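Read through the structure below, which is laid out as structure tokens, and then see the notes.
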Amino acid sequence: MSSNAGNGKVVCVTGSSGYIASWLVKLLLLRGYTVKATVRDPNDSKKVDHLLNLDGAKERLHLFKADLLEEGSFDPAVEGCEGVFHTASPCRTDVKDPQTELIDPAVKGTLNLLKSCAKLPSLKRVVLTSSMAAVLCNGQPRTPEVVVDETWFSKPEFCREIKLWYALSKTLAEDAAWKFVKENNIDMVVIHPAYVLGSLLQPSLNDSSATVLKLLTGAQTSPNLTVGWVNVRDVASAHILAFEIPSASGRYCLVETVAHFSEIVKISHELYPTLPLPEKFVMDEPLMPKYQVSQEKTKTLGIEFIPLDISLREIVESLKEKKFLNF
Ligand code: NAP
């Protein structure tokens with residue numbers, strides 16, 4: 001993806017030091033955009049140095065301090081922006097207090113950000129990073145013939161019932177966002193990435209990459225989960241295209257392949273025979289079945305989808321380079 005589409009345009013990326021947002025900032029700078037990037041602590045070199053070292057950063061990257069839970073926190077960062085990419089949201093599943101650790105920052109944070117956007121005469125579009133977790137969790141059976149698409153919505157009551165707190169946070173945040181943008185006449189597009197793979201730009205390990213690392217470092221069991229997988233570069237590109245293409249609208253599911261966690265280990269083993277992976281997983285229940293996710297709408301953005309084996313290679317090489325993996 002290369003063009004100068006961003007020349008002279010100013011956009012904001014929230015949570016910019018994160019896994020997905022770092023790639024988004026990198027690709028936006030490459031396209032010529034001026035990026036106002038929010039972080040919680042602009043003085044934390046572990047969070048910002050990799051951003052400050054990106055091509056174009058010296059000239060066109062500006063860091064802003066902002067916290068999801070502080071009202072008005074995003075005002076300075078969004079001022080003068082045509083596009084706002086809202087990726088900041090806690091992305092983890094292991095929490096003690098779902099309300100304060102996940103739901104409040106996701107929902108109140110999204111509304112805080114949108115309130116800042118509502119005041120903006122310059123704003124053309126908000127692109128919100130949601131998740132397939134806000135699409136899939138509705139209790140409808142998923143079997144090989146079922147094709148999930150953008151008309152699917154997770155149900156809060158189902159998420160609560162089976163304690164899918166991360167999915168609940170993303171579902172409630174998306175729902176609150178749609179209500180707010182309709183009432184305030186804001187143009188918004190929502191991106192729903194599946195489980196993200198690919199190289200890490202940031203030095204620390206984000207939660208989803210940590211789960212993949214755990215799988216690759218010899219866990220004897222894998223979660224009995226069949227999920228979608230997608231490359232982080234496609235996720236970042238989809239955000240940018242969703243902003244740039246005037247006719248883009250509504251929701252976009254981003255899934256290259258649907259595969260069980262144990263298949264990820266199997267493919268990694270084939271790619272890297274010396275990786276110390278378990279030969280076989282102990283699974284005492286039937287594997288969660290596969291399902292399909294439609295790529296039709298997302299392909300209209302021009303996303304071709306990087307294949308799973310390349311995404312896996314990229315994350316393995318990146319984890320090796322950052323010394324999280326030694327083999
Ligand atoms: P990540 O690396 O953990 O990034 C999350 C970002 O949110 C971080 O920059 C974090 O800031 C920021 N954040 C969290 N709480 C905040 C708060 N109270 N105030 C301000 N910023 C806060 O995770 P990621 O994987 O890139 O996730 C980014 C987005 O993609 C999230 O919306 C997530 O739900 C979505 N997503 C991720 C995946 C995946 O597989 N990774 C899949 C689908 C959707 P700090 O750096 O200061 O902590």
Side-chain angles (χ1 to χ4, degrees), residues 12-26 37-51 63-71 73-74 77 85-95 100-113 116 127-137 154 164-174 177 190-213 225 227-236 238-239 251-256 261 264 293 311 315:
C12 171
V13 176
T14 68
S16 62
S17 53
Y19 179 38
I20 292 174
S22 296
W23 270 101
L24 182 53
V25 173
K26 180 184 165 83
T38 79
V39 285
R40 275 193 275 190
D41 180 4
N43 296 316
D44 183 347
S45 61
K46 285 198 247 47
K47 296 278 179 178
V48 300
D49 279 2
H50 68 285
L51 298 174
L63 296 180
F64 288 79
K65 182 180 167 67
D67 193 296
L68 290 169
L69 293 168
E70 276 171 35
E71 254 185 72
S73 194
F74 292 95
F85 298 91
H86 181 44
T87 65
S89 199
C91 185
R92 50 180 200 276
T93 46
D94 184 17
V95 291
T100 55
E101 291 175 67
L102 288 174
I103 297 164
D104 285 349
V107 180
K108 290 185 185 166
T110 299
L111 290 174
N112 275 340
L113 182 268
S116 302
V127 179
L128 174 73
T129 316
S130 186
S131 165
M132 285 304 291
V135 174
L136 291 165
C137 307
S154 294
L164 295 173
W165 304 122
Y166 170 70
L168 180 63
S169 76
K170 298 305 283 182
T171 305
L172 294 176
E174 188 196 359
V190 183
I191 304 293
H192 294 273
Y195 217 98
V196 182
L197 293 169
S199 305
L200 285 70
L201 296 176
Q202 82 283 6
S204 54
L205 201 55
N206 64 295
D207 199 81
S208 63
S209 304
T211 303
V212 175
L213 176 66
L225 279 179
V227 297
W229 303 87
V230 66
N231 190 293
V232 67
R233 292 184 286 129
D234 280 338
V235 177
H239 280 71
R251 309 166 89 217
Y252 290 86
C253 292
L254 248 70
V255 180
E256 191 275 326
F261 268 67
I264 297 302
V293 180
S311 304
I315 194 164

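Both ligands and their constituent atoms are indexed starting at 1 by order of listing. All figures in this text were calculated on a predicted structure; none of them were measured in a lab. The residues of the chain are indexed from 1 along the displayed sequence.
- In this structure, C253 SG and L136 CG are separated by 7.5 Å, a value rounded to the nearest 0.5 Å.
- At a 4.0 Å heavy-atom cut-off, the residues surrounding ligand 1 are G15, S17, G18, Y19, I20, R40, K47, A66, D67, L68, T87, A88, S89, P90, C91, T129, S130, S131, Y166, K170, P193, A194, Y195, V196, N206, S208, listed by chain and number.
- Judged by distance alone, the side chain of N231 and the main-chain N or O of G198 form no donor-acceptor pair under 3.5 Å.
- The backbone N or O of A133 sits less than 3.5 Å from a side-chain atom of S154, completing a donor-acceptor pair.
- Taking the six-membered ring where the residue is Trp, F74 and H86 present perpendicular rings, their angle passing 60° and hence far from 30°.
- At least one side-chain heavy atom of V212 sits less than 4.5 Å from a side-chain heavy atom of Y195.
- Checked by atom type and distance alone, the side chain of S22 pairs as donor or acceptor with a backbone atom of S17 at under 3.5 Å.
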